[in-house]
Each structure stands twice: as C-alpha cells, then as structure tokens.
**Student:** 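The structure's right below; bear with me while I get my questions together.
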Number of protein chains: 2
Amino acid sequence: MNTSISRELPMTADELTELAKLYHIDGWTQEALAQRFDVSRVKIGRLLKRAVSEGIVEICVRLSHPPDRTAALEQALIARFGIKRAIISVDHRDAERQRELLAGLVARYLDQRLGDTSVVAVGMGRNVSAVPRQVVARQHRHCTFVCAIGGSYRGGEAMNADQTCRRFAERFGGESVTLYAPAIVANRDTRDALMANDTVRQSLTRAQQADMALVGVGDILEDSNMVRMGWFTQEEINAVRRLGVVGDIMGYDFIDMDGALADTPLVGRVIGLTIEHLRHIPDVIATASEPTKVGGILGALRTGTIDTLATTESIAETVLGLDQSRRAGGD
Amino acid sequence: MNTSISRELPMTADELTELAKLYHIDGWTQEALAQRFDVSRVKIGRLLKRAVSEGIVEICVRLSHPPDRTAALEQALIARFGIKRAIISVDHRDAERQRELLAGLVARYLDQRLGDTSVVAVGMGRNVSAVPRQVVARQHRHCTFVCAIGGSYRGGEAMNADQTCRRFAERFGGESVTLYAPAIVANRDTRDALMANDTVRQSLTRAQQADMALVGVGDILEDSNMVRMGWFTQEEINAVRRLGVVGDIMGYDFIDMDGALADTPLVGRVIGLTIEHLRHIPDVIATASEPTKVGGILGALRTGTIDTLATTESIAETVLGLDQSRRAGGD
DNA sequence: ATACGCGATGATCAAATGTTCATCGCGTCG
DNA sequence: CGACGCGATGAACATTTGATCATCGCGTAT
C-alpha cells in the first residue's frame with residue numbers, strides 16, 4: 001500500500017496564492033503562466049483548480065435583481081410591516097443554491113454597513129452560517145462579532161454561532177466573541193446561575209449592545225433544526241404547533257403568526273439574546289430562504305423587532321399575500 | 001443626432017437576471033442558452049457581459065491567504081513605476097527590528113533567485129549589510145558577490161561593501177570579489193588613474209556584468225551616512241539639499257525627487273558602479289526601511305533603474321501617495 | 001531484482017468563450 | 001427621398017480552457 005504522499009505537486013500555499021492572484025485578479029492567461037513558471041499549461045490549470053479546492057481562492061457570484069424589480073416588493077414590505085429595508089434575492093429551485101444566493105446579498109449588505117466600531121450579534125442556523133462564506137470584504141475592518149446564543153454540539157457547525165462569528169471575523173477583520181455557555185440548559189435555575197457568571201454576562205452584555213444583529217427565522221416542521229438538535233421531540237413539536245406556533249427567531253424564540261411569543265418547554269432555558277433584547281438593536285437582520293418558513297417570517301415581521309428582512313422574491317410575495325388574507329379573513 | 005435609444009437589446013432586466021442565473025449559478029453554456037432563447041451565442045455573451053456591467057451579477061474572487069494589502073501595494077508600485085516586483089515587509093516601530101524584518105524578506109528573495117552562476121553586485125548601507133545576517137540558505141551555491149563600490153574606513157562595517165560581500169558568500173556559498181579601491185578619492189584625475197588600473201578595472205567589470213544588484217537608498221539628513229563617513233560636511237549637505245536633492249542610490253548617486261541625477265562635489269570622485277551601470281543589470285534590488293527615505297525612494301523609482309523595491313508597507317503607501325500628489329500638484 | 005500501483009505530467013483533442021468584421025435595420029438629416 | 005450614422009447582429013475566426021490518455025517516475029510489494 002502506498003501510504004506516504006509519494007509525489008506532491010511541489011507548490012507551497014504561498015506560490016499557489018501568487019498563481020491564483022495572477023490568474024484571477026491580474027487576468028493572466030494559463031498559457032502565460034505556464035511560460036512564466038516553465039511548466040505545462042495543463043499543470044497550471046490543475047494548480048488553479050487545486051487552489052480552489054483548497055480554499056485558497058473562492059469565487060462567488062452574486063445575483064441581484066435590478067433595483068427597480070425588487071423596489072416594489074421592498075416598499076410593500078416596508079409599508080406593511082414597518083421594517084426599514086428588505087434584501088430580496090432571485091428565486092432558485094435548489095435549496096442550497098438559494099441559501100447561497102441570499103447569503104451573498106446579506107454579505108454584501110454587511111460589507112456596506114460594517115465600520116471599524118461595528119458590533120454584530122450573530123445567531124444560528126443554516127441561513128446565518130451561510131453568510132460568512134459569501135463575504136468578499138472590500139477592506140478589513142476592526143469590527144466585533146458576538147454570539148447571540150450559546151453553543152451546542154448537536155446539529156452541526158451551522159448551529160454554532162461561535163463558529164459563524166469566527167468566520168465573520170476572519171473575513172471582515174476584527175474579533176469574535178464567544179458566548180461560553182451551552183445554548184440550552186436543563187432548567188431555569190441553571191440558566192440563572194449561568195447568567196450570573198461573569199464571563200457569560202460580559203459576552204451577553206456586548207451582544208445586547210450590538211449595532212446589528214443577524215438572525216435566522218425557523219419553521220416548525222418534523223425535520224426542523226429543533227428536532228435535529230434534540231431540543232424537542234417530535235411530539236413536543238407537534239404539540240407546540242397545535243398551539244399555533246409557526247416559527248422561531250434566532251432558533252429558540254417561538255412565535256405564532258401574529259408575532260406573539262409562545263410558551264414552550266424552552267422558555268427560561270436558553271442562554272442568549274431574547275426578542276426583547278433584539279428590540280434594542282438598531283438593525284436586526286432576519287434571513288430566511290426556505291418557502292416553508294413563510295408563516296414564521298410573517299410572525300417574525302409582526303413582532304416588530306426586525307429592521308431588515310432578507311429573503312427570496314417569491315417568499316416575500318407569499319408573505320405579503322398571507323398577511324393580506326389574514327387581515328381580510330380575520331381568522 | 002441620435003438622441004433616442006434607437007435600438008435596445010430587447011431583454012428586460014428580469015430576463016437578464018434569469019439568463020445570468022442560468023449561466024452563472026446553474027452552469028448552462030452560452031451555446032445552450034442561445035438555443036433556449038433562440039438567439040446567437042454571441043448575443044448571449046454580450047447580454048451576460050451587460051448583466052455584469054449593470055450590476056445584476058457580481059463576480060468576486062477572494063484569495064484566502066494574504067491577498068492582503070501588500071499584494072495590492074505591490075501591484076500599485078508595479079503599475080506606477082514600472083518596476084518588476086516589490087518586497088514589502090510589515091511595519092515595525094523599532095528601526096533596527098524593522099531593518100531586520102525587511103532584510104529577512106530580501107534574504108529569502110535572494111535564496112529563491114540565486115543559482116550557481118549568479119553574480120550579485122552589492123552596494124553599501126545598513127539596509128544592505130543587514131541582509132546577509134538574515135540569510136538561511138536552503139543549499140549552498142557557487143555564486144559571486146561583487147562590491148559595487150570601493151572601501152572606506154569610516155562609517156563602520158555597514159558601509160563596507162566588501163564585508164557584506166564576504167558574508168553573503170559565506171551564507172550562500174560562492175566567492176566574494178572585493179573592489180580594491182577607496183570608495184572616494186580627492187579628484188577626478190585620481191579616479192581616472194584608478195579606473196585605469198587592472199585590478200580595479202576587472203572588479204568593476206564583473207560588477208557591471210552582474211545579474212542582480214543589491215543597493216540601498218539613502219536620505220539627505222544631517223546625521224546621514226554621508227556626513228558620518230566624512231564625505232560631506234554639514235554645510236555641503238545643506239547646500240545639496242537646497243538644490244532639491246532628496247536622496248541617493250548606492251550611497252553616492254544623488255537624485256532629486258524626479259529621479260534626475262544631481263551635481264554634487266562627489267561627481268567624478270567615486271569608484272563604483274554608476275546609475276548608468278545599474279541600468280544594465282537585469283534585477284536591481286533597492287532596499288530602504290526608514291520612513292525618512294520616502295523622497296529618496298520616489299526619486300530612485302523614477303530613475304527607472306530599479307527592478308525590485310524592498311521596503312515597508314507604510315513607506316510603500318507613502319511613496320505612492322507622494323507620487324500621486326506630485327503628479328497632481330505639478331512641481 | 002522485477003512487476004505493479006499510483007499519482008504526476010504533458011501532448012492532443014474537444015468544448016467554451018472572446019473578438020473581429022461585414023451587414024442590416026432604423027432613425028435622422030440634408 | 002436618399003445618404004449617413006449608429007448600434008445591433010451573427011458568421012467566421014482566434015483564443016482560452018477543459019478533458020482524455022499514454023507515459024513516466026517513484027515507491028512498494030512480491
């Protein structure tokens with residue numbers, strides 16, 4: 001068996017970076033690079049491919065509607081829900097792609113807004129964690145990304161705000177502040193004890209004083225994150241749903257379609273910002289790219305805590321329609 | 001005059017978006033799109049280009065490693081001054097440490113470049129003499145280090161090219177060639193006599209034929225090397241400065257901020273390579289780590305003899321800014 | 001020592017994309 | 001009405017990139 005790396009492409013990460021720069025940034029042709037470095041063009045191609053696969057270069061495509069296209073939708077959302085602005089992405093069939101498309105727009109929005117003193121509270125969820133991957137910062141800053149919720153070993157990386165924070169800090173520059181506490185604890189007493197802890201307290205205080213917050217909106221489905229993370233059993237989810245809960249903000253604040261907070265087994269057991277805290281943050285960005293979340297989004301909008309809604313075109317339309325019908329039909 | 005938009009590419013912004021999505025996100029080929037929309041492939045290409053120019057799609061490339069400031073700085077320097085490359089160190093408060101940091105990068109660069117037949121002409125100055133100390137050669141070579149200027153007993157070791165040459169030869173392997181002549185003589189006649197000397201002549205000829213040259217850039221301050229070496233009195237320095245001289249290359253070729261050679265009491269009295277000689281050396285590396293030298297560096301760059309500039313990040317930025325302002329403001 | 005596996009390598013071919021140029025349609029101006 | 005300007009258009013060509021495959025070098029197992 002050949003266990004050792006018998007032959008390696010003899011290029012350091014530095015050289016790969018240089019190569020990638022010349023190709024992608026300076027627009028050299030592969031042929032030119034081949035002559036410059038005295039290897040075959042094929043090899044240059046392979047090295048460039050490797051630079052991508054190793055994450056040395058990332059190429060991201062941002063697709064946004066021409067302004068006027070979404071302007072009407074945005075205006076409607078603003079008028080209807082009192083939010084400050086909307087970030088609306090093009091629709092896409094594939095859920096993963098859709099998330100990336102939306103995340104790209106959110107990343108660009110952050111790139112516009114973040115300054116050297118900015119503090120961003122970061123929630124959890126796939127839509128939130130997809131954002132840092134799409135960041136292409138124009139310049140490095142010295143901003144701060146603070147976890148808005150504690151950690152959890154279940155549910156994968158996407159569910160870990162501190163991972164997302166770190167990636168943000170890496171991309172935009174600045175530091176990340178981890179909330180050194182589990183996301184969820186057994187009971188209220190444990191929570192109170194943790195909240196009294198200095199380290200926890202300090203992190204949370206910084207999060208509360210953030211200039212911006214980036215949070216996800218969730219739905220309540222059998223396979224939702226809540227179940228995957230083991231916070232709810234299937235039965236609990238069903239029970240909660242029967243109470244009229246349609247979604248969550250940040251992954252743990254459950255709401256019904258009128259934006260009212262629901263009483264769930266989680267209340268008082270989560271270490272993180274509450275909806276009340278979010279109210280005091282000047283720009284709360286809520287992102288959701290899945291059509292199943294329309295109910296949750298409507299509820300979230302109606303809580304009045306959201307300043308910027310990031311979602312897809314069709315979801316925005318559906319939410320507006322849903323709101324319309326519920327106003328008309330009563331319920 | 002044709003004021004109206006006579007013929008418009010008959011595609012709405014929406015269709016453009018759709019097109020861009022299919023191409024960039026879903027990976028369709030232009031040919032396929034052409035058939036799908038029943039237009040020529042060329043037109044698809046043009047529409048896609050338009051989608052970019054109208055901001056519907058944004059394609060950004062991120063280099064993860066340091067695509068950092070120094071890469072951008074290097075590009076700017078290359079574009080502005082026509083040099084071949086820049087070696088840029090991070091900033092450091094302490095002048096001595098700064099010199100070492102920069103010298104380390106230069107040493108590494110030499111280590112990359114030097115082959116068995118390489119001949120390097122070596123100038124004088126603290127920045128040059130700091131380089132051999134930083135050398136950690138991957139392997140020994142048989143290259144040659146030739147003094148680009150004669151010797152002098154004043155000013156200390158750093159001012160002695162032959163000392164620096166010997167150290168280089170020690171570290172990289174190979175031999176050093178001393179220029180057996182004083183750096184400066186009383187008058188032109190003496191110089192001419194020395195230049196006629198066989199030994200001197202041979203050394204200088206080898207220096208002229210070098211593949212690379214490593215030279216320092218100096219400033220014109222009261223405590224500069226020139227004074228310390230006794231080549232200039234304080235008054236002479238002041239006089240020269242009043243003529244617009246801002247620095248020197250190699251320690252004796254004085255230049256103003258436009259890169260023009262200045263007439264000083266030294267002209268015709270130095271035994272060493274002139275700027276003209278440098279022009280014929282394929283890779284002239286100029287190093288300078290002191291912020292007081294920005295003017296001199298600008299002048300040096302403008303002489304057009306420099307191929308590789310080694311300096312610090314902040315100096316590089318300042319030089320670019322200085323060049324900018326002088327271009328804009330005239331004079 | 002020899003055969004074999006494995007990945008790197010570059011020649012060669014195929015596909016995709018970019019560029020150029022002659023032409024066309026349409027509106028304007030004389 | 002016709003000449004002209006202007007931009008759009010697509011055919012033809014050039015360039016660039018991607019894919020395939022035979023070969024090679026090197027380490028390992030037989």
Side-chain angles (χ1 to χ4, degrees), chain A residues 1-63 66 68 90 92 94 97 136, chain B residues 1-65 67 75 112 138-139:
Chain A
M1 214 168 305
N2 188 351
T3 49
S4 70
I5 309 155
S6 65
R7 249 331 41 215
E8 192 90 336
L9 287 174
M11 276 247 170
T12 70
D14 265 358
E15 292 169 304
L16 264 190
T17 306
E18 175 66 13
L19 193 70
K21 186 193 73 179
L22 290 173
Y23 182 71
H24 292 288
I25 310 286
D26 300 343
W28 286 43
T29 180
Q30 294 188 8
E31 184 62 49
L33 288 168
Q35 293 183 5
R36 165 85 173 64
F37 291 106
D38 200 33
V39 291
S40 74
R41 185 185 61 72
V42 182
K43 179 164 183 178
I44 294 290
R46 285 198 265 255
L47 285 170
L48 287 170
K49 203 176 287 175
R50 208 171 65 142
V52 172
S53 75
E54 287 188 12
I56 288 172
V57 295
E58 269 170 89
I59 298 159
C60 75
V61 176
R62 272 178 208 161
L63 193 53
D68 56 303
V90 175
H92 199 284
D94 182 65
R97 290 267 167 79
V136 183
Chain B
M1 213 170 305
N2 189 350
T3 50
S4 72
I5 309 153
S6 66
R7 242 341 33 217
E8 192 87 339
L9 287 173
M11 276 246 169
T12 71
D14 260 1
E15 291 171 303
L16 257 193
T17 306
E18 179 65 15
L19 192 70
K21 186 179 70 175
L22 289 172
Y23 182 70
H24 291 289
I25 310 289
D26 298 345
W28 286 42
T29 183
Q30 292 188 8
E31 184 61 50
L33 288 168
Q35 293 181 5
R36 165 85 173 63
F37 291 105
D38 198 34
V39 289
S40 76
R41 185 185 59 72
V42 181
K43 178 163 183 176
I44 294 291
R46 285 199 264 254
L47 286 169
L48 287 169
K49 203 176 287 176
R50 209 170 65 143
V52 172
S53 74
E54 288 188 10
I56 290 172
V57 294
E58 248 176 290
I59 297 160
C60 19
V61 177
R62 223 187 109 263
L63 297 182
S64 79
H65 204 21
Q75 286 311 312
Q112 283 168 20
R138 287 166 310 165
Q139 79 229 3

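Per chain, numbering begins at 1; letters A, B, ... match sequence-line order.
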**Student:** Write down the atom of Ser40(B), the atom of Ala34(B), and the distance for their closest heavy-atom approach.
**Tutor:** C-CB, 3.8 Å
**Student:** For the pair made of NZ in Lys43(B) and P in dT17(C), what is the distance, rounded to whole Å?
**Tutor:** 18 Å
**Student:** Under the salt bridge (Lys or Arg N to Asp or Glu O under 4.0 Å) test, which residues partner Glu58(A), sequence neighbours left out?
**Tutor:**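 Salt bridge (Lys or Arg N to Asp or Glu O under 4.0 Å) check on Glu58(A) returns Arg171(A), Arg62(B).
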**Student:** Rounded to whole Å, please give me the gap between CG in Leu48(B) and C1' in dG18(C).
**Tutor:**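 To the nearest whole Å, that distance equals 12 Å.
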**Student:** Calculate the interatomic distance between Arg41(B) atom CZ and dA16(C) atom C1'; express it in whole Å.
**Tutor:** 7 Å
**Student:** How many Å lie between CD1 on Ile44(A) and C1' on dA8(C), as a whole number?
**Tutor:**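 After rounding, the gap between these two atoms is 14 Å.
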**Student:** Whole angstrom is fine here: how far is it from CG in Asp38(B) over to P in dT9(D)?
**Tutor:** 13 Å
**Student:** Decide yes or no, distance alone: a donor-acceptor N/O pair under 3.5 angstrom between the base of dG18(C) and the side-chain of Arg46(B).
**Tutor:**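 Result: no qualifying N/O pair found.
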**Student:** Measure CG/Leu22(B) against P/dA16(C) and give the value in whole Å, please.
**Tutor:** 16 Å
**Student:** If we only count heavy atoms from C-beta on, is the Ile44(B) to Trp28(B) side-chain gap below 4.5 Å?
**Tutor:**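 Of all side-chain heavy-atom pairs linking Trp28(B) with Ile44(B), none is under 4.5 Å.
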**Student:** Expressed as a whole number of angstroms, how long is the span from Lys49(B):NZ to dT20(C):C1'?
**Tutor:**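 Interatomic distance, NZ of Lys49(B) to C1' of dT20(C): 12 Å.
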**Student:** With a cut-off of less than 4.0 Å, is there a side-chain N or O of Thr29(B) near OP1 or OP2 of dT17(C)?
**Tutor:**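 Yes, because at least one side-chain N or O of Thr29(B) sits under 4.0 Å from OP1 or OP2 of dT17(C).
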**Student:** Flag the pair Arg50(B) / Arg46(B) as yes when at least one side-chain heavy-atom distance between them is below 4.5 Å, and no otherwise.
**Tutor:** no
**Student:** Give the rounded distance in Å between these two atoms: CD of Gln30(A) and P of dT17(C).
**Tutor:** 14 Å
**Student:** Taking the side chain of Val42(A) as heavy atoms from C-beta outward, which of dG10(C), dT17(D), dA11(D) is closest to it?
**Tutor:**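 Looking only at side-chain atoms, Val42(A) lies closest to dG10(C).
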**Student:** So, OP1 or OP2 of dT16(D): does either fall under 4.0 Å of a side-chain N or O from Tyr23(A)?
**Tutor:**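 So the side chain of Tyr23(A) is outside the cut-off, no N or O lying under 4.0 Å from OP1 or OP2 of dT16(D).
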